[in-house]
Amino acid sequence: MQVYADNAATAKMRPAALQTYISTAKEYYGNPSSLHEAGQAAKEVLEESRARIANMIGAEAREIIFTSGGSEADNQAIFSAAMFGAKKGKKKIVSTAIEHHAVLHALDRLKSEGFEIVLAPVDPNGIVNMSALEQAIDENTCLVSVMLANNEIGTIQPVREIGAICKSKGVLFHTDAVQAVGHISVDVTALNADYLALSAHKFGGPRGVGALYVKKGAPLFPLVEGGAQERGKRAGTENLPAVAAMATALKESLLHLDQATAKVTALREKLIEGLLKIPHSALNGDRIKRLAGNASFCFEGIEGEGLLLYLSDMGVSASSGSACTSGSLDPSHVLLAIGRVHDVAHGSLRLTLNEENTEEEIDYLLKVVPEAVEKIRSFSPVWRDLQNGKRSFIL
Ligand SMILES: *Cc1c(COP(=O)(O)O)cnc(C)c1O
């Protein structure tokens with residue numbers, strides 16, 4: 001059996017989005033910047049897609065900039081707010097310890113350029129510590145950046161409250177909503193966001209396309225210089241088929257969102273209940289305030305990589321944390337931030353479902369994952385030490 005359970009890394013394209021992609025590439029071949037008919041027809045599709053996407057997140061069309069994906073959108077928001085802040089002598093940015101690397105590495109660069117970066121801690125369930133966050137915001141702060149939902153452990157942050165705090169303090173607020181858009185309802189006005197990043201391939205659209213919402217009046221500088229596309233804020237001929245397909249994918253995602261959420265939550269709960277029967281295991285992230293499809297675990301006494309390879313042989317596509325950190329031997333910064341010690345953090349497994357997953361697939365996972373954990377443990381020197389008492393169990 002083949003089970004694709006890595007939807008937080010990237011989800012399969014929705015058939016309707018693929019159809020839009022193909023027909024747009026075929027029929028709207030003109031360059032939207034061209035004055036001839038073919039160009040203007042393409043321009044119309046571009047602007048219609050922008051209006052539709054804006055509408056689905058409570059924004060106005062002119063507040064949407066198309067980008068190459070979530071990473072670029074995050075980077076542009078952060079560097080724009082930082083440049084604006086620096087001009088006014090405000091060089092402090094407040095964020096959290098569990099952000100995606102698209103945010104954390106952008107902040108690293110700003111740190112090397114003299115910015116003060118404060119990362120608020122999270123509690124053991126992965127929810128940001130609000131008093132630490134609020135206390136860190138002062139008169140030198142130019143930006144607060146907090147993700148809406150975490151890509152590794154699925155926790156949903158109190159972003160609405162954070163947005164309200166930022167608004168009352170007059171500080172710009174960015175939220176990385178890449179895991180949230182298309183999965184929970186998102187309204188930029190309710191969130192009080194000045195910037196919001198989204199990415200199509202996390203909700204059934206194509207890879208390599210995303211959008212940045214920028215509230216009217218919020219500072220925005222281009223990362224890419226060139227032509228006047230996207231009101232001069234993002235040069236380069238627009239990826240029209242991808243943009244149109246993104247609009248279709250978002251529409252499809254939101255059409256049956258409640259139904260899909262109920263179905264996926266039920267599958268996830270069955271999966272969590274079953275896998276927590278594995279001895280010395282734990283769920284990562286908040287049991288309630290989490291994305292419907294996210295099931296993240298730590299199993300003591302194993303290496304996550306070995307587990308992934310074993311599962312891959314059994315037809316299961318899973319992840320050990322974020323796709324971006326696999327290949328490196330450092331444990332996930334998110335798991336460390338929720339208080340997992342190194343050894344435990346190494347034994348992580350992330351299974352992310354969507355409405356394409358079936359009950360039969362969950363049954364299969366409930367059979368093969370415990371087998372895989374037992375097998376990997378039988379080869380593990382750490383597990384042997386735990387068994388004979390040379391080390392003590394943490395989970
Ligand atoms: C995937 C992801 C990104 C990066 O998006 P890309 O479109 O792959 O560049 C950023 N933030 C979060 C939370 C993500 O899950």
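Please read these numbers as outputs of a predicted model, since none were measured by experiment. Scope of the values below: all heavy atoms of this structure, side chains included, with no hydrogens, waters or symmetry mates. Just follow the structure's listing: the first ligand is 1, and inside any ligand the first atom is 1.
Residue pairs meeting the side chain to side chain donor-acceptor pair (under 3.5 Å) criterion with at least one partner in residues 52-67, sequence neighbours excluded, are Glu60-Arg62. Within the structure, every pair that satisfies the salt bridge (charged side-chain N to carboxylate O under 4.0 Å, His left out) test and touches residues 127-139, not counting sequence neighbours, is listed here: Lys92-Asp138.
With ring centers used as reference points, Phe393 lies under 6.0 Å from Trp383.
Between Asp74 atom CG and Gln76 atom CD the span is 11.0 Å, to the nearest 0.5 Å.
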Could you give the side-chain donor-acceptor pairs of residues 193-215 under 3.5 Å, partners two or more places apart or in another chain?
from   : atom 1 : to     : atom 2 : distance (Å)
Asp194 : OD2    : Phe173 : N      : 2.9
Tyr195 : OH     : Pro219 : O      : 2.6
His201 : ND1    : Thr10  : OG1    : 2.6

Every pair of nitrogen or oxygen atoms between ligand 1 and the protein that is under 3.5 angstrom apart - can you list them with their distances to 0.1 Å?
from     : atom 1 : to     : atom 2 : distance (Å)
ligand 1 : 7 (O)  : Gly70  : N      : 2.8
ligand 1 : 7 (O)  : Ser199 : OG     : 2.6
ligand 1 : 7 (O)  : His201 : NE2    : 3.3
ligand 1 : 8 (O)  : His201 : NE2    : 3.0
ligand 1 : 9 (O)  : Gly70  : N      : 3.4
ligand 1 : 9 (O)  : Ser71  : N      : 2.9
ligand 1 : 9 (O)  : Ser71  : OG     : 2.7
ligand 1 : 11 (N) : Asp176 : OD1    : 3.3
ligand 1 : 11 (N) : Asp176 : OD2    : 2.7
ligand 1 : 15 (O) : Gln179 : NE2    : 2.7
ligand 1 : 15 (O) : Lys202 : NZ     : 2.8

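By the 30° and 60° cut-offs, the orientation of the rings of His346 relative to His342 is perpendicular.
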